[in-house]
Enquirer: 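Below is a structure I'd like to ask you about.
Residue numbers start at 1 and run along the sequence shown.
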Amino acid sequence: MRTGRERRELRSVRACLATVLTVLLTVLVPVGAVAAWADLEIGNSDRFVSAMAPLASDPAVHEAVADRITDGVMAQLDMGPLQDGVRSLLHEAVLSFATTEAFANAWRTAARAAHHAAVHVLTSGGGNVVTIDLAQITERVKGQLVHDHVPYADRIPVRHTQITAVEAEGLGVWRDVAQALRAAGVWPALATVALSGVIVLVAVRRRRALIGVGLGYAGGAMVLAVVVAVARGTLLQDLPDNGDRDAARAIYDALTASLRTTAWSVLAGGLLLALTAWLVGRLRRPRRPGGAQARRTPEPPDAPSAPDTDGAAGTTGTTRPAQPADPTRLY
């Protein structure tokens with residue numbers, strides 16, 4: 001049998017351990033989310049292309065594609081006094097082509113090639129730039145213009161014009177993080193769920209432990225949102241302030257949309273768990289008796305007074321009769 005002191009020490013150790021594990025849970029939430037994202041979305045070609053596909057209708061992407069293709073083509077053509085007119089015609093033709101299903105298909109093909117480039121950059125250290133090759137889009141634009149009998153369309157050169165999605169000198173740090181997280185896969189996320197159960201089992205007061213777990217999830221979700229925002233600024237800060245930056249911003253937002261959704265969902269779920277545990281504790285708390293109408297233990301009636309003896313006269317005194325109650329106090 002443990003003594004009272006040993007039980008108190010054990011409870012103190014359990015409470016401290018639960019606190020430490022809750023802090024660890026807060027750190028593990030964003031790590032698990034990013035690791036699962038890096039493995040399931042960035043590491044998977046089909047999901048990468050699915051995340052990039054909606055950008056085929058993004059105006060910023062349309063402008064960047066039109067600018068890059070127009071600049072690349074006009075650098076290879078010398079149309080003399082018609083140079084500006086041909087540039088404007090080609091730019092409008094690319095923008096018009098960007099609204100077609102053919103452009104969407106070409107964009108998916110370019111996105112799949114960009115996925116292989118991104119994996120190569122993030123995992124093998126092959127450079128600090130992730131680009132999207134527009135050669136297939138240029139070829140399809142040329143074919144459409146030739147089909148429409150646009151003058152000089154057959155002279156359009158098909159070059160490997162590119163949109164820069166990521167260009168950062170400090171990518172080495174993010175590359176190391178990406179390698180470690182991709183290797184971890186979904187295990188950190190599973191460990192987060194398991195750790196939540198351990199905290200509840202170890203804690204002395206499980207209701208308070210549930211409140212702590214909920215707040216830990218909410219805090220980790222806020223850290224995740226901050227990390228996504230900081231990484232966005234870091235990876236885009238080296239890009240020139242032109243169409244590439246706008247397109248790269250749209251690409252980054254599309255690829256990290258699931259992370260932002262996860263952050264808000266975990267934040268809401270954590271706060272809901274903490275609030276529910278707190279409300280359950282409030283409702284189960286017993287009410288303390290009190291107030292003017294609280295029941296009180298009736299006092300025992302006064303014992304009869306003993307005969308009073310007058311020692312000086314030697315006579316025995318009698319008990320005084322009770323005084324009648326004041327009628328004004330009966331109501």
Enquirer: Please list, one pair per line, the donor and acceptor atoms closer than 3.5 Å that link side chains of residues 130-139 to other protein atoms, with sequence neighbours excluded.
Expert:
residue: D133; atom: OD1; partner: A135; partner atom: N; Å: 3.1
residue: D133; atom: OD2; partner: H160; partner atom: ND1; Å: 2.7
residue: T138; atom: OG1; partner: L134; partner atom: O; Å: 3.0

Enquirer: Should we count CZ of R140 as having more than 12 external heavy atoms under 6.0 Å?
Expert: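 Yes, CZ of R140 has more than 12 neighbouring heavy atoms, counting only those of other groups under 6.0 Å.
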
Enquirer: Is the shortest side-chain heavy-atom distance between D148 and Q144 below 4.5 Å?
Expert: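 Yes, their side chains come closer than 4.5 Å.
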
Enquirer: With rounding to the nearest 0.5 angstrom, report the CG to CG distance, L145 to L90.
Expert: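 Going from the CG atom of L145 to the CG atom of L90 covers 6.5 Å.
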
Enquirer: Between E41 and A254, what is the shortest heavy-atom contact and its length?
Expert: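 Here E41 and A254 meet closest at OE2-O, 4.4 Å.
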
Enquirer: Give the minimum heavy-atom separation between A263 and A221, together with the two atoms involved.
Expert: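 That closest heavy-atom pairing would be O-CB, 3.2 Å.
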
Enquirer: What heavy-atom pair brings A247 and I163 nearest, and what distance separates the two atoms?
Expert: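 Heavy atoms of A247 and I163 come nearest at CB-CG2, 4.2 Å.
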
Enquirer: Distance-only, no hydrogens or angles: does the S12 side chain make a donor-acceptor pair with backbone N or O of R8 under 3.5 Å?
Expert: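 Not at all, since once roles are kept as given, no pair shorter than 3.5 Å links the two residues.
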
Enquirer: Distance check, rounded to the nearest 0.5 Å: L10 atom CG versus R7 atom CZ?
Expert: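 That separation rounds to 10.0 Å.
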
Enquirer: Compare all side-chain heavy atoms of N105 with those of R108 and state whether any distance is below 4.5 angstrom.
Expert: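 Yes, at least one pair of side-chain atoms sits under 4.5 Å.
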
Enquirer: Go through the side-chain N and O atoms of N44 and H115 and say whether any donor and acceptor fall under 3.5 Å apart.
Expert: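 No, no side-chain donor-acceptor pair sits under 3.5 Å.
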
Enquirer: Can you give the donor-acceptor pairs under 3.5 Å from side chains of residues 70-79 to other protein atoms, not counting sequence neighbours?
Expert:
residue: T70; atom: OG1; partner: A66; partner atom: O; Å: 2.6
residue: D71; atom: OD1; partner: R87; partner atom: NH1; Å: 3.0
residue: D71; atom: OD2; partner: R68; partner atom: NH2; Å: 3.3
residue: Q76; atom: OE1; partner: R159; partner atom: NH2; Å: 3.4
residue: D78; atom: OD1; partner: G80; partner atom: N; Å: 3.3

Enquirer: Going by side-chain heavy atoms closer than 4.5 Å, which hydrophobic residues are tied to V186, directly or by a chain of links?
Expert: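 L40, W187, L190, listed by chain and number.
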
Enquirer: For H62, which residues count as a side chain to side chain donor-acceptor pair (under 3.5 Å) partner, sequence neighbours excluded?
Expert: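 H62 satisfies side chain to side chain donor-acceptor pair (under 3.5 Å) with no residue once adjacent residues are dropped.
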
Enquirer: For residues 54-61, which side-chain donor-acceptor pairs fall under 3.5 Å, sequence neighbours excluded?
Expert:
residue: S57; atom: OG; partner: P54; partner atom: O; Å: 3.0
residue: D58; atom: OD1; partner: A60; partner atom: N; Å: 2.8
residue: D58; atom: OD1; partner: V61; partner atom: N; Å: 3.4

Enquirer: About how many Å separate CG of L215 and CG of L210, when rounded to the nearest 0.5 Å?
Expert: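 The distance works out to 11.0 Å.
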
Enquirer: About how many Å separate CG of D46 and OG of S50, when rounded to the nearest 0.5 Å?
Expert: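 Answer rounded to 0.5 Å: 6.5 Å.
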
Enquirer: Rounded to the nearest 0.5 Å, what separation is found between the CG atom of D246 and the CD atom of E63?
Expert: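 So the CG of D246 and the CD of E63 are separated by 9.5 Å.
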
Enquirer: What pair of heavy atoms forms the shortest contact from W37 to L255, and how long is it?
Expert: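 Result for this residue pair: NE1-O, 2.9 Å.
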
Enquirer: Might you work through the side chain to side chain contact (heavy atoms under 4.5 Å, CB included) test for T109 and R112, ending with a clear yes or no?
Expert: CA-CA 5 Å; T109 303; R112 192 171 297 276; 5.9 Å; no

Enquirer: Work out which heavy atom in Y217 is nearest to a heavy atom in S196; give both atom names and the distance.
Expert: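 Result for this residue pair: OH-OG, 2.6 Å.
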
Enquirer: With the side chain counted from C-beta on, respond yes when V158 and K142 share a heavy-atom pair under 4.5 Å apart, and no when they do not.
Expert: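 Yes, their side chains come closer than 4.5 Å.
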
Enquirer: Can you list the steps and then say if V29 with V223 is a side chain to side chain contact (heavy atoms under 4.5 Å, CB included)?
Expert: CA-CA 9 Å; V29 166; V223 172; over 6 Å; no

Enquirer: Quick check on the hydrophobic clustering: are V213 and I211 connected, directly or via other members, by side-chain heavy-atom contacts under 4.5 Å?
Expert: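 Shared cluster, no.
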
Enquirer: Please tabulate, for the side chains in residues 18-28, all donor-acceptor contacts under 3.5 angstrom to protein atoms that are two or more places apart in sequence or on a different chain.
Expert:
residue: T19; atom: OG1; partner: A15; partner atom: O; Å: 3.0
residue: T22; atom: OG1; partner: A18; partner atom: O; Å: 2.7
residue: T26; atom: OG1; partner: T22; partner atom: O; Å: 3.1

Enquirer: Hey, is the main chain of F97 close enough, under 3.5 Å, to the side chain of T100 for a donor-acceptor pair?
Expert: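 Yes, the answer is positive, given that a donor and an acceptor are paired below the 3.5 Å cut-off.
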
Enquirer: Do L271 and V266 sit in the same hydrophobic cluster, where Ile, Leu, Val, Met, Phe, Trp and Tyr count as joined when their side-chain heavy atoms come under 4.5 Å apart?
Expert: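 No; tracing contacts between hydrophobic side chains, which count when under 4.5 Å, never links both residues.
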
Enquirer: Is a donor on one side and an acceptor on the other found under 3.5 Å between the side chain of T276 and the backbone of L272?
Expert: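 Side chain of T276 to backbone of L272, a donor-acceptor pair under 3.5 Å: yes, one is there.
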
Enquirer: Which heavy atom of M52 sits nearest a heavy atom of W107, and at what distance?
Expert: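 Distance-wise, the nearest heavy atoms are O-NE1, 2.9 Å.
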
Enquirer: State, yes or no, whether a side-chain contact exists between R14 and R205 at a heavy-atom distance under 4.5 Å.
Expert: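 Of all side-chain heavy-atom pairs linking R205 with R14, none is under 4.5 Å.
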
Enquirer: Hydrophobic clustering (ILVMFWY, side-chain heavy atoms < 4.5 Å, transitive) - are L89 and V141 grouped together?
Expert: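 The answer is yes; both residues are in one hydrophobic cluster.
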
Enquirer: Using a 3.5 Å distance criterion without hydrogens, assess whether the side chain of R260 forms a donor-acceptor pair with backbone atoms of V228.
Expert: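 Here the side-chain-to-backbone pair does not exist.
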
